[in-house]
Amino acid sequence: MRTHRIRVSIAISCFCLLWVGGFTSLPPRELLGIAPQDEGYYKSDVIKCKDGSKKFTKQQLNDEFCDCPDGTDEPGTSACPEGEFYCRNAGHIPRTIFSSRVNDGVCDCCDGSDEYNGKSNCPNTCWEAGKSAREKLKKKIATHQDGLAIRKQELEKAKQAFAEDEAELLKLKNEEKILKGLVEKLREHKERIEKAEEEERLRKEKEEKKQREAERKSTEQNRPSEESAQYQSEGTQDTPMEMNSQDSVEIGHEPVVPPENEYNSRIEIPAVHNVGQKQVADNIGESITSGHGSDDVNNEIPSGHAADQEHISGNTEGLSREELGRLVASRWTGEHAEERTNEPNDANGEQEEQNQDFSDSAEEENYDSYNSDNDEDRHKFDDDDIQDVAAEEYGNHVEPDGSYDHDKDYKSEFPGSPSWLDKIKQTVQNIIQAFSFFKSPVDLSVASRVKKEYDDASSKLSKIQSRISGLSEKLKHDFGKEKDFYSFYDRCFENKQNKYIYKVCPFKKASQVEGHSSTQLGRWENFDESYRVMQFSNGDRCWNGPDRSLKVRLRCGLKDDLADVDEPSRCEYVAILSTPIICLEEKLKELQQKLEDMNKRQPSTHDEL
Amino acid sequence: MGRLNRRSPDALIFLIFLVFLASLTSAWKKDEFRSCRQTPFCKRARGRAPNSLPSFSVADVSLSDGAVSARLVPAPTLRQVTDDDPSAADGDDASSRSLLLRLSVYRGGILRLEIDEDPSSAPTTKRRFRLPDVLLPNLDDLRLWLSRLSPDGASATSFYLADGFEGVLRHDPFQIVVRRAGSGGEPVLSLNSHGLFDFEQLRAKKDDENWEENFRSHTDSRPHGPQSISFDVSFHGADFVYGIPEHASTSLSLRPTRGPGVDESEPYRLFNLDVFEYLHDSPFGIYGSIPFMLSHGTRSTSGFFWLNAAEMQIDVLAPGWDDPAAPNAGRVDTFWMSEAGVVDAFFFVGPGPKDVLRQYASVTGTQAMPQEFAVAYHQCRWNYRDEEDVAAVDAGFDEHDIPYDVLWLDIDHADGKRYFTWDRVLFPHPEEMQNKLAAKGRHMVTIVDPHIKRDDSFYLHKEATEKGYYVKDASGKDFDGWCWPGSSSYPDMLNPEIREWWAEKFSLKEYVGSTPSLYIWNDMNEPSVFNGPEVTMPRDAIHMGGVEHRELHNAYGYYFHMATSNGLLKRGNGKDRPFVLSRAIFAGSQRYGAIWTGDNSADWDHLRVSVPMILNLGLAGMSFSGADVGGFFGNPENDLLVRWYQLGAYYPFFRAHAHHDTKRREPWLFGEQNTALMREAIHTRYSLLPYYYTLFREAAVTGIPVMRPLWLEFPSDKETYDNGEAFLVGSSLLVHGIYEKDQKSASVYLPSGASWFNLRNGVKFDGGVSHKLAVSEDSIPSFQRAGTIIPRKDRFRRSSTQMVNDPYTLVIALNGSLAAEGELYIDDGKSYDFEQGAYIHRRFIFADRKLTSIDIRPSNVGDKKFSTDCTVERIILLGLPSGAKKAVVEPGNHETNIELGPLTLRRASPPVALTIRKPNVRVADDWSLRIL
């Protein structure tokens, strides 16, 4: 048959060509593009399409006509669009390529086997490529080996830290229970004292009134009202003044929950609440003032929030020609008119959500400065996050109270031994005993002691409670099968790129910091792809775009190192974090196996060459 | 702490406010564009009732130079004075001066009417602008030398126009009629049959006059005063009118804009504008203007083209607009208004739809033959950021086995939007980058816009300034407007010297970092001027020879496109066909490259309007056009994106594009299932490339568009006249879009007179019936017409250039008499050698169970030859009664098998069609194949 003859002659001519050219010998037509493990499948005279759709004869194998829509009959040609071609790549790694690559003029297989029609010259580069691939693989294996050792140590530490934290939580919960009881007792006493004091005051008042009445009656023209007015004022102000002075002393000493915040303390707002609130209020005041101050600036450059809205909504009358140009340009770009011109070709992250920034960054900045006042530096995000979650949990939108290092604070106040609890117990015992000799009028020293002890104890209680919530919040997270990522909880990783510093705090949030302004790239979402990716989502919103998000891909490395932060799609960031935590045993074995495979085929193929 | 705030009620309100703002920003800014009412010439003209104007009468009719010449003499009555029309004030001689008229006839059924002022009596030195460079330079060769005028009744003159047609000039009142010759004298086209012809002649300005016009904060000095022209044109025997792109509309035909039953509407506006987020259904002007209208009805097809680049407004008048008591039947009246220029208009007599298209093409030219790669799939985004991004996207296509041919770089690739430069941080090795793509047969496109950054250190700006090459403002200084780079100026592309200078900039030497595989995209060439009136250049800006911008506005982008295209032509020493995509268009733009429908949006409506838009562009000569697949603004839902690929794969110009605020949209980012669907859509296009390329050849020769409305092929099937949901690719393929989310079925009308084979499963459907078809997600309804043969290449490659040597598949759909025909055109895909005959053009004819391939390349086309070893690997037969087992190929008398095979070589494709296995005949040869 004519066709058969043609086919054979093509095969032969290809064969010769390659032979003469000094390339690896081409397998016979019937074996072209077939993986060794598949050769058996093609042995018989009538072969089935792998999808079962039909059968074909051995003559139809690689005959440049697609019989099986799935490509079974044309593994070595481009005839079936959905077929695959296997390159042996002796000296390197075998590869399967799409049929569309066969004889397309591009050398896809390092052994050149995909280009056999004589139209292109594809030298065999497998040996060279294989060599460098093996080098790379060896390096990777070394990294994995060393990383694995570090990982093991880290895991030990993580386990220990986890156990410690769990134990502490348990202990704290017990203490909380006891302390709660004590506080309750103290509160009862305090209330009784207050009641007694109130009665006493009323009684006194009555007496005084009576007395004055009597006095007035007896000596009507003797005394002018001077003294009595003075007396009166003293009398009414007496008690509150005393309490106030007490409070203020205590504030100097340590923060205290003022009485009106009793509810709040129940929902575990740390004691600095008030101070924080005040600070925020001040800052708001400040930002309002500065807002006024910058009005002029806003008028000059139409960047102000209000100005922008107006323009965007179509009122362009009265703009200078340049402003108008910028404004219209900004419709397409979503950027703000004046930013464009300053840096017209700065593509990355230059869009700022002015509207949001106006409220956001002003506050954030203030918040930051507050942080650094109260809290040396680290773990800014810790409490921040806890606060958040706490607020979320209770569905209560309380004003944030700034950052507060529970840990430090807590430890300084509750030093190692648990004896403090006994001390309090003892004190309360004493007071209660002292108090059982209850008599009227109230013994002022006892009363103030009760109040002080009550304040002390309830403040301690709220601290314990906040510590508990912090710990339980931490322990709630998914740290991996072996608590692999436990140490990440209190850490942030940074990467500097041009003017930006990228800051990734696992389990908390990620941000892009430029000078004093910070853009949130996302809040912790979860691990993905079986702990190979950390997801941060719902970051600051992009103008005309999505909420920012960040995907951190983990890679085995000897040090924790954040790198390659990128924004492949608008406001969707990616980064790579090298860490020994992800240097896994299985992966190491897999790599070693791969190297072994490569080495195995190495000597024989080299001989062939 | 913004995070907490955001949850508070205040923050919520704030957010809602932001959303509100965003919705404001995304709305089309109606106020920024002039309505007819805000445009004095339009308002004046539109306010006139038929026959209310003092009429012109014709005098001194004579033959001169083989053409009819005459004077138009205004009626001696005083012209009506209207409040807002100072030009009509008495005491001016403008209303008493006569106009010069000339009628000339061109071969093939074309009548040209020219009316201008009489320079001998002109009161000013200003001459009205006649737009050069649009009509084909050799048009005069087609002119017929009239030798005889015949009196026609008491006051009319008639003359020969074409076989079966004659032109008539009625004297008083002046009127032009094109009619069928003979006793009936049935009219086809008429001008001024409703007495709306008006011509504001130039005159000297009086001291107390103020000609300024204000719009928003802009003042137009209008130094030459009112000079508008308006007239009515009637299309007799027409049911619908089409054309005058570019407008976004869901309707294929032009809906009436005035008259009984029409809600208040603007006229169709032809004024090239960069419209942010244009509406999907509006008569307002967008990026392009082609003042060519066609009419079609059961009785006739005709066309009218007014060569004028000033702002134009056109009313389509509903029946009864002139007399509600007696609505005209079988006629469509239209009313044309322009701000300036002259009357230089062409009447095309038809009589068939393709005749009108050929007639128009003989005046303005045909589609330039594109390079083959340009017909394949283009991948674009604002912006592929840097070389790594480019490499990653390129690799992504390979990884997912999706072919593409061209990767595009938008404005941010340049250094500070200084076109012809590279941002060297992002693109340090542009040549290497292009060469890497070229190694896989791929190409790159960079953007070059007309706004040049006013930066003294920018060589282009320096040169242009020194040479005085910029458009001037009204005061004579270089016009300075705002666009992407900030303060910018615009080269005066009307000037041929400046176009030459511009063209040189594309040489490989001058365009540093360019390589021969780099092609060009012209955007923003309306021109877009962010701080100009209506986001464009002021009308009183000055071009070469004192021509005002108002007089050539609609052609600015055309000249820019022309200059760029010539630049690429020069770069390749006249051997490499240019590829330049332009956004702004005018009549004739087809000669310079491709165009697209601008910044559309990722919504279903915009998917829908893409079809009527592209069809009307095609009717107006622009064969090589497409809409941004996926929609430029916004993020398409997955199914919308997939549907868009499925439809876009049939656009003549097939490009995906997206705004930089949108999520990344490369076809593999939406899950495996969607990747497979988009891959399939793109593969469909690639396998049809031989068919498309053949159609582009047809468009280049005849002007018949690649993508056609159904009525173009089925002119007597009334059901097709206003069908804008389906279209034909060539004459053989019918495609119906899916324009709704979750659409489960579609009602598809298949034209009468033919049967249709479903392209997926080979099922045969009757024509002349609307079929309700179930719709699956894997394709949109597509059919091959019975009686046709479509050439395909079914092997997949990375790019079209790698398919050059691949074998063909012929798909033969037999009609009732078991016959079919089709064509295949092949050349080298890139050079102009085809002009010397270096091409293969075959016709395949199937009849009497025999398929024959014959050479239809004329022998006198040139000495150059093109050859190819490509063979036919497979022939699929639809509609042949089964039973055939073998075929015999001649010459050679060798037998080949026939078996049942699939229509497409995809996994799980069922065997549904008789397939001739491996005939292995060369496409370049004569051969025949007999079915046994």
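Chain A is the first sequence line, chain B the second, and so forth, proteins listed ahead of strands; every chain is numbered from 1. Here the structure is a predicted model, which means the values were calculated and not measured.
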Trainee: Got B:Glu899 and A:Asp67 here, is their nearest side-chain heavy-atom distance under 4.5 Å?
Mentor: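 Yes, close enough: below the 4.5 Å cut-off.
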Trainee: Select one option (side chain, backbone, both, neither) describing which atoms of B:Asn805 are under 4.5 Å from chain A's heavy atoms.
Mentor: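 It is the side chain, since no backbone atom gets that close.
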Trainee: Which answer fits B:Asp274, side chain, backbone, both or neither, if we ask what part of it has an atom under 4.5 Å from a heavy atom of chain A?
Mentor: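 Its backbone and side chain both get close to chain A.
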Trainee: For A:Glu572, which atoms come within 4.5 Å of any heavy atom of chain B: side chain, backbone, both, or neither?
Mentor: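 The side chain, not the backbone.
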Trainee: For each of B:Arg798, B:Arg906, B:Glu873, tally heavy-atom pairs with chain A at distances under 4.5 Å, and name the one with the top tally.
Mentor: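 Counting heavy-atom pairs under 4.5 Å, the top option is B:Arg798.
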Trainee: Tell me yes or no: between the side chains of B:Tyr419 and B:His451, is some donor less than 3.5 Å from an acceptor?
Mentor: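 The answer is yes; a qualifying pair exists.
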Trainee: Would you mind checking which part of B:Asp794 comes under 4.5 Å of any heavy atom in chain A, side chain (CB onward), backbone (N, CA, C, O), both or neither?
Mentor: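 Contact with chain A involves the backbone of B:Asp794 alone.
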Trainee: When only pairs under 4.5 Å are counted, which of A:Val106, A:Asp104, A:Ile97 shares the most heavy-atom pairs with chain B?
Mentor: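 Most heavy-atom pairs under 4.5 Å with chain B: A:Asp104.
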Trainee: In terms of heavy-atom proximity below 4.5 Å to chain A, should B:His683 be classed as side chain, backbone, both, or neither?
Mentor: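 It is neither, since no heavy atom gets under 4.5 Å.
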Trainee: So for B:Glu388, is it side chain, backbone, both, or neither that comes closer than 4.5 Å to the heavy atoms of chain A?
Mentor: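 Contact with chain A involves no heavy atom of B:Glu388 at all.
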Trainee: Which heavy atom of B:Phe33 sits nearest to which heavy atom of B:Leu273, and what is that distance?
Mentor: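 Residues B:Phe33 and B:Leu273, closest heavy atoms: CD2-CD1, 3.5 Å.
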Trainee: Can you name the closest pair of heavy atoms from B:Ser488 and B:Cys483 and give their distance?
Mentor: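 Minimum heavy-atom contact is OG-N, 3.8 Å.
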Trainee: What part of B:Arg917 gets within 4.5 angstrom of chain A, counting heavy atoms only: side chain, backbone, both, or neither?
Mentor: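 Contact with chain A: backbone and side chain both.
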Trainee: Is the backbone N or O of B:Arg381 less than 3.5 Å from a side-chain atom of B:Arg665, with the two atoms forming a donor-acceptor pair by type?
Mentor: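 Not a single qualifying donor-acceptor pair exists.
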Trainee: Among A:Cys80, A:Ala79, A:Gly71, A:Gly105, which residue forms the greatest number of heavy-atom pairs with chain B at distances under 4.5 Å?
Mentor: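 When all of A:Cys80, A:Ala79, A:Gly71, A:Gly105 are compared, A:Ala79 has the most.
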Trainee: With distance as the sole test, does A:Glu115 use its side chain to make a donor-acceptor pair with the main-chain N or O of A:Cys122 at under 3.5 Å?
Mentor: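 No, the answer is negative, given that no donor and acceptor are paired below the 3.5 Å cut-off.
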Trainee: Can you see whether B:Ser487 engages B:Asp480 through a side-chain donor-acceptor pair at a distance of less than 3.5 angstrom?
Mentor: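 Yes, because at least one side-chain N or O of B:Ser487 sits under 3.5 Å from a partner of the opposite role on B:Asp480.
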Trainee: How about B:Arg795 and A:Ser78: does a side-chain donor come under 3.5 Å of a side-chain acceptor?
Mentor: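 Looking only at side-chain atoms, A:Ser78 and B:Arg795 do form a donor-acceptor pair, the distance falling under 3.5 Å.
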Trainee: For the candidates B:Val804, B:Asn531, B:Thr896, which exhibits the highest count of non-hydrogen atom pairs separated by less than 4.5 Å from chain A?
Mentor: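 Option with the top pair count is B:Asn531.
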Trainee: Check whether B:Glu399 gets within reach of chain A through its side chain, its backbone, both or neither, counting any heavy atom under 4.5 Å.
Mentor: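 For B:Glu399, the contact with chain A is made by the backbone alone.
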Trainee: Check this for me: B:Lys663, atom NZ, are more than 12 non-hydrogen atoms of other residues, nucleotides or ligands nearer than 6.0 Å?
Mentor: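 Incorrect, the count does not exceed 12.
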Trainee: Between A:Ser99, A:Cys66, A:Cys68, who has the most heavy-atom pairs with chain B when the cutoff is under 4.5 Å?
Mentor: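 Ranked by contacts with chain B, first place is A:Cys66.
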